[in-house]
J.: 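Starting off with a structure, shown below.
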Amino acid sequence: MKLEIGNFYVKDIIFGLKTGYKNGILTVNKKEAIDALNPEGKLTNVDLHVARPGEKVRILPIKAVVEARARLDGRVTFPGFTGATAACGEGVLYALKNMSVMAVGKYGGRPEGMVDMSGPAAELTHYADIINLAFTAENVDPTENRGDITKTNLNYRIGAHLLAEYLGKTVLTQEPEAWERYELSDVSEKKLPRVVLITQHATSSRNPGEYNDMFYGVDARYLVPTLIHPNEMLDGCMCSSSVMPACSHNCTYSYQNYPMIKKLYSGHGKDIDFVGVIINCSFEETVEKKERAAIRVATIAKMLGCDAAIFSQLAGGHCDVELFTTIIKLEEAGSKTVGMCSENPGRDGATQSKTMLDARADAIVSTGSNAQAIELPPMDTVIGDLNSIGRDRYPGAWEYDYILGPSLRPDGSLIVDRRIILDNDGAPGWSNKTCKDF
Amino acid sequence: MKKIIMYLNQFFGQIGGEEKADYQPTIHEEMIGPALAMAPLIKDGRITHTIICGDDYMNLHPEEALEKIGEYLDGLEFDLLIAGPAFLAGRYGVNCGRVCKYVQERFNVPAITCMNEENPGVDIYRKDIYILKGGDNAARMRNDMPAMARFANKLLNGEPILWADEEGYIKRGIRQTVILDKEQTAANRAYDMMLKKLRGEPFESELQIKMEERVAIAAPIKDASKARVAFISTGGIVPADNPDRIPSASSTRFGRYDISGMDRLEPGEWISVHGGYGKTHANANPNVIAPFDALKTLVKEGKIGYLHPYFYSTTGNHTNQREAARMAGEILEFLREDGIDTVILGST
């Protein structure tokens with residue numbers, strides 16, 4: 001199974017008459033792009049904006065992030081989600097690098113986050129390092145426009161994936177500037193240590209409707225851990241949810257560019273024999289289900305003859321129990337396991353940072369605290385709605401706090417918890433942060 | 001020029017030794033003892049006053065002592081209080097922590113101290129104040145003073161205080177984000193950690209999980225008249241010539257002495273070498289520390305089944321946990337040979 005990704009490195013995005021890519025400049029026809037992302041007219045007041053690294057720009061509430069891609073052979077980019085179901089992981093993809101497509105609304109809430117393109121918050125997320133083409137919109141259905149905790153954001157999520165596909169198609173007639181090639185070649189004769197990656201996915205919402213991660217376009221609720229080829233993950237088999245708080249929100253962009261998968265590929269045939277990815281569920285509501293998931297992960301790893309495993313955790317709380325339970329089972333099954341996770345030691349840093357701790361998990365990479373408060377300066381431009389801070393129910397922002405005052409101050413500066421920063425955790429491997437003892 | 005207050009006990013304040021431990025707080029417009037060594041190490045500040053208080057007085061009358069210190073400081077301008085260093089001295093360490101916490105809270109001025117990690121003051125005050133990691137005895141002053149001065153200079157200059165291992169202070173139980181170099185991604189770190197774990201090479205988990213090692217309390221002896229009993233002391237009782245050269249503090253050795261032929265420990269033949277308590281009573285009657293008079297009587301009366309013929313002794317004073325655990329393991333081998341099922345551990 002060979003996946004080839006032909007890359008085009010975008011240096012800037014401008015708006016113009018004809019959508020096209022030339023010499024690193026992506027020109028976007030606004031009307032055409034908006035029609036592409038909103039085919040059924042379920043969104044209104046749609047507009048497009050460009051946010052570049054270093055600019056004094058604040059984007060919120062962000063609902064989805066996708067990398068712009070398309071395929072040569074006509075299959076849809078996100079099988080099952082933006083079109084007919086088809087296999088992922090094989091063939092040729094074209095990708096626009098150094099940029100993302102972002103869906104931004106008016107109302108925030110639990111799964112929505114913020115990105116600053118400069119200032120102290122820009123250091124906390126990889127999305128500040130790329131050019132973001134953000135569309136802003138509201139739902140036509142007024143009941144969908146609300147700043148509460150649970151909403152599917154489905155029109156935004158589908159819109160972002162469709163816009164990504166529309167932009168990807170503009171380069172299909174051109175020659176890529178560089179290629180990435182992914183193939184799990186047979187290196188068994190080298191007798192290298194066999195390594196599996198465990199990724200954890202938003203599968204927790206039992207509400208009817210499509211809240212969770214979409215696996216081949218199907219809501220991943222009730223997922224039982226399953227072995228997939230790493231190429232499937234890099235190739236759009238998983239589209240992101242509307243469940244996790246922003247700091248822990250693994251967007252589709254993150255799945256398409258999963259840093260830990262790329263790192264394991266770089267060592268395949270040299271240090272290790274990378275055998276695959278086990279997609280794991282999260283927030284299972286009973287101990288028995290958590291145990292069952294851990295047993296499934298460990299059993300698959302054992303059947304694959306794994307010597308080592310890396311577990312990339314999603315969020316905390318329930319997931320802490322799932323992380324530690326699974327690590328213990330993997331170790332018992334003979335896999336030396338490393339966990340990758342964020343920590344939540346409370347705003348003052350003085351609380352135990354994981355819901356469960358077990359000394360048998362002796363190799364943990366911390367991706368930083370998502371609970372620490374941070375003060376952020378005002379920005380010149382806001383894409384979205386700054387007044388969603390304080391008004392809407394974001395984890396990590398508040399209307400008023402007796403010690404810290406309001407999150408949103410009259411001059412547009414903020415005091416928030418890092419929880420509101422989109423992918424502050426960076427647990428798929430992005431994060432260049434850690435936690436230290438002070 | 002920033003202003004600093006020093007806090008010292010009666011010994012380092014040059015008032016006197018144990019006999020002056022009840023010395024009440026005084027303040028001096030001069031540098032005394034360690035303050036003189038500290039002064040040249042401070043870059044942009046000077047030590048304006050030294051406060052001295054006896055260890056026992058502060059320990060027995062903390063409220064009065066702290067209030068007095070508060071009164072002394074009320075009229076003064078200062079930017080930092082430095083207490084100690086206190087090494088492994090238990091009362092001094094606790095008092096340094098106590099004074100720092102009090103001054104920091106009452107005057108909203110930073111207060112720092114320095115002591116050995118095993119000083120009881122650490123567990124009580126590490127969450128409240130910065131405690132620099134210090135040596136276990138006064139000979140380590142030459143290391144402790146520059147460490148305190150370097151940290152004091154950072155505080156006085158308003159420089160950011162980095163994490164505990166980087167700065168050399170004892171962890172306060174606070175976890176915070178640190179941003180690393182761009183290439184130090186979690187993916188790169190996890191990959192390296194995995195390879196090291198696979199290869200059996202040392203690595204450091206970024207979330208260290210230590211489950212406290214607790215020794216379960218033994219079940220009660222059902223019938224003492226059948227018990228095989230041994231006695232071990234950390235009270236420093238040894239034969240008068242101290243043949244094993246058991247030290248007065250920070251012991252790494254224990255003595256094993258045959259007491260089978262005697263009914264009690266005779267004064268003069270046995271002495272205390274312990275450096276942590278007044279030895280007058282122990283030397284007048286060593287059985288107050290190691291009660292072999294009582295144990296032998298209980299054996300004769302049939303209330304204890306059997307007494308191990310050897311007496312094990314060391315000094316618990318400043319002895320660290322690691323050494324203590326090692327010595328216990330070595331003593332256990334002798335006890336197992338003799339089928340001992342009950343140990344009485346006496347301190348001072």
Side-chain angles (χ1 to χ4, degrees), chain A residues 123-124 126 129 193 195 258-264 266-267 271-272 307-310 312 324 336-341 343 345-346 348-354 357-372 418 424 426-438, chain B residues 110 112 117 122 126-133 151 154-155 160-214:
Chain A
E123 287 191 88
L124 303 178
H126 55 100
D129 297 337
V195 180
Y258 215 106
M260 197 67 238
I261 291 180
K262 291 189 175 183
K263 182 68 186 177
L264 289 168
S266 75
D271 305 318
I272 58 163
D307 303 292
I310 292 178
S312 166
F324 283 97
K336 294 191 177 348
T337 307
V338 174
M340 262 197 310
C341 62
E343 296 186 49
D348 60 0
T351 308
Q352 179 176 312
S353 67
K354 305 298 273 179
L357 289 172
D358 193 297
R360 284 173 283 183
D362 64 354
I364 302 275
V365 168
S366 168
T367 65
S369 162
N370 56 31
Q372 208 174 325
R418 290 158 196 238
N424 167 82
W430 299 103
S431 173
N432 63 324
K433 304 180 291 293
T434 188
C435 272
K436 299 268 194 194
D437 291 299
F438 281 77
Chain B
I112 62 170
E117 279 181 276
V122 166
R126 71 183 172 89
K127 290 187 177 174
D128 301 306
I129 54 166
Y130 287 114
I131 302 175
L132 279 298
K133 276 187 204 175
F151 195 73
K154 285 192 92 166
L155 281 173
I161 301 300
L162 303 179
W163 54 99
D165 288 346
E166 183 71 15
E167 300 281 9
Y169 60 84
I170 288 163
K171 292 171 184 172
R172 298 173 304 153
I174 291 174
R175 299 277 289 169
Q176 279 178 352
T177 293
V178 170
I179 297 174
L180 308 169
D181 294 337
K182 275 277 182 196
E183 67 273 14
Q184 295 257 49
T185 63
N188 287 341
R189 287 179 279 147
Y191 187 83
D192 291 347
M193 196 181 283
M194 175 193 68
L195 287 187
K196 285 181 177 161
K197 193 169 172 178
L198 269 169
R199 292 167 182 168
E201 293 166 9
F203 63 89
E204 204 168 303
S205 179
E206 295 177 15
L207 176 63
Q208 305 251 336
I209 301 164
K210 282 196 189 118
M211 296 305 181
E212 261 183 68
E213 199 182 333
R214 288 177 192 275

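Both backbone and side-chain heavy atoms feed into the values below; hydrogens, waters and symmetry mates do not. Every value quoted in this text rests on a predicted model; they were computed, and no experiment measured them.
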J.: May I ask you to name which of B/E206, B/Q208, B/E204, B/K127 has the most heavy-atom pairs under 4.5 Å with chain A?
T.: B/E206
J.: Shorter than 4.5 Å, heavy atoms on both sides: which option in A/S369, A/A363, A/A350, A/C341 has the most such pairs with chain B?
T.: A/A363
J.: So for A/M340, is it side chain, backbone, both, or neither that comes closer than 4.5 Å to the heavy atoms of chain B?
T.: side chain
J.: Can you tell me if NZ on A/K262 sees more than 12 non-hydrogen neighbours from other groups inside 6.0 Å?
T.: yes
J.: Can you tell me if A/K433 has over 12 outside heavy atoms packed within less than 6.0 Å of its NZ?
T.: yes
J.: With side chains defined as the heavy atoms from C-beta onward, is the minimum distance between A/K436 and B/L162 less than 4.5 Å?
T.: no
J.: With respect to chain A, which residue among B/M193, B/Q184, B/K197 yields the maximal number of heavy-atom pairs within a distance under 4.5 Å?
T.: B/K197
J.: Most heavy-atom pairs under 4.5 angstrom with chain B, which of A/I310, A/D362, A/L264?
T.: A/D362
J.: Please classify the contact between A/K354 and chain B as side chain, backbone, both or neither, with a heavy-atom cut-off of under 4.5 Å.
T.: side chain
J.: What residue in A/V365, A/I272, A/T367, A/D271 has the most heavy-atom pairs under 4.5 Å with chain B?
T.: A/V365
J.: Between B/K182, B/M194, B/R189, which shows the greatest number of heavy-atom pairs under 4.5 Å with chain A?
T.: B/R189
J.: Tell me, for B/L207 versus chain A, whether the close heavy atoms (under 4.5 Å) come from the side chain, the backbone, both or neither.
T.: both
J.: Taking every non-hydrogen pair under 4.5 Å, which of A/V338, A/I261, A/D437 racks up the most with chain B?
T.: A/D437
J.: Going by the side chain to side chain contact (heavy atoms under 4.5 Å, CB included) test, name the single residue among B/R126, B/R172, B/K171 that passes it with B/I131.
T.: B/R126
J.: Using non-hydrogen atoms and a 4.5 Å limit, figure out which bit of A/S353 sits close to chain B: side chain, backbone, both or neither.
T.: side chain
J.: Tell me, side chain or backbone of B/Y191 under 4.5 Å from chain A's heavy atoms, or both, or neither?
T.: both
J.: Within the structure provided, determine whether A/S312 and A/M260 are in side-chain contact (heavy-atom separation under 4.5 Å).
T.: no
J.: In Å, rounded to the nearest 0.5 Å, how long is the span from CG of A/L124 to OG of A/S431?
T.: 9.0 Å
J.: Is B/D181 close to chain A through its backbone or its side chain, or both, or neither, when contacts mean heavy atoms under 4.5 Å?
T.: backbone
J.: Counting only heavy atoms closer than 4.5 Å, note whether B/I170 contacts chain A via side chain, backbone, both or neither.
T.: neither
J.: Which pair of heavy atoms, one from A/F438 and one from B/W163, lies closest together, and at what distance?
T.: CE2-N, 3.4 Å
J.: For the pair B/E167 and B/K154, find out whether any cationic side-chain nitrogen is under 4.0 Å from an anionic carboxylate oxygen.
T.: yes
J.: Could you report the tightest heavy-atom contact between A/D358 and B/I209, atom names first, then the distance?
T.: O-CD1, 3.6 Å
J.: At a 4.5 Å cut-off on heavy atoms, which part of A/D129 comes close to chain B: side chain, backbone, both, or neither?
T.: side chain
J.: Taking all non-hydrogen atoms of both residues into account, name the closest pair between A/I364 and B/S205 and its distance.
T.: N-OG, 2.9 Å
J.: Counting only non-hydrogen atoms closer than 4.5 Å, does B/Y130 touch chain A with its backbone (N, CA, C, O), its side chain (CB onward), both, or neither?
T.: neither
